[in-house]
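For reference, the structure is listed below as structure tokens.
In what follows, residues are counted from 1 in the order of the sequence shown. Worth saying up front: this structure is predicted, and the values here are computed from it rather than measured.
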Amino acid sequence: RRAAGLAAAGARVTVVDPAPRAPEPGVAHRNEPFDPSHLDGAFLVVAATDRPEVNAAVARAARDRGVLLNQAAPGEGDDEGGDFAVMAAV
């Protein structure tokens, strides 16, 4: 839902997920595990996996690159949280 909303607002969105996904308008999909290089050139990132170790890796890579971070779920051993929150849409 976040990806579609960001794309609808004009953002260039890429979802990195090793699991196949249904196509979403305006959303690119990389069918592979997360790699820190995925954040090269990014302005913001959303860490929203069900795997705390992946969320923590995304958070570390974002901080290393100065990329704004939204953590939908906490990362393993990561007590810092994200840089901004996104409110739920009802």
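Pro20 places a side-chain heavy atom less than 4.5 Å from the side chain of Asn31. Annotation: side chain of Asn55 is not in contact with side chain of Glu53 (no heavy-atom distance under 4.5 Å).
Looking at every heavy atom in both residues, Ala7 comes nearest to Pro25 through CB-O, 3.9 Å. Across every non-hydrogen atom of Val27 and Val15, the tightest pair is CG1-CG2, 3.6 Å. Scanning both residues, Ala61 and Phe34, for their nearest heavy atoms gives CB-CZ, 3.9 Å. Closest non-hydrogen pair, Phe84 versus Asn70, comes out as O-ND2, 3.0 Å. Of all non-hydrogen atoms in Ala62 and Leu69, the two that sit nearest each other are CB-CB, 4.2 Å. Pairing each heavy atom of Val58 with each of Leu39, the nearest pair is O-CD1, 3.9 Å.
Scanning for salt bridge (charged side-chain N to carboxylate O under 4.0 Å, His left out) contacts around Arg30 gives Glu32, with sequence neighbours left out.
Pairs of residues two or more places apart, or lying in two chains, never qualify as ring pair (Phe, Tyr, Trp, His ring centres under 6.0 Å) while including a residue from residues 48-68. Applying the ring pair (Phe, Tyr, Trp, His ring centres under 6.0 Å) rule to pairs touching residues 1-27 yields nothing, sequence neighbours excluded. Residue pairs satisfying the side-chain hydrogen bond (donor to acceptor under 3.5 Å, both in side chains) criterion with at least one member in residues 12-22, sequence neighbours excluded, are listed as follows: Arg21-Glu24.
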Anything under 3.5 Å between a donor and an acceptor, one on a side chain of residues 40-48, the other on a protein residue two or more places apart or in another chain? List them.
from, atom 1, to, atom 2, distance (Å)
Asp40, OD1, Arg65, NE, 2.8
Asp40, OD1, Arg65, NH2, 3.4

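To the nearest 0.5 Å, atoms OG1 (Thr49) and CD (Gln71) are separated by 9.5 Å.
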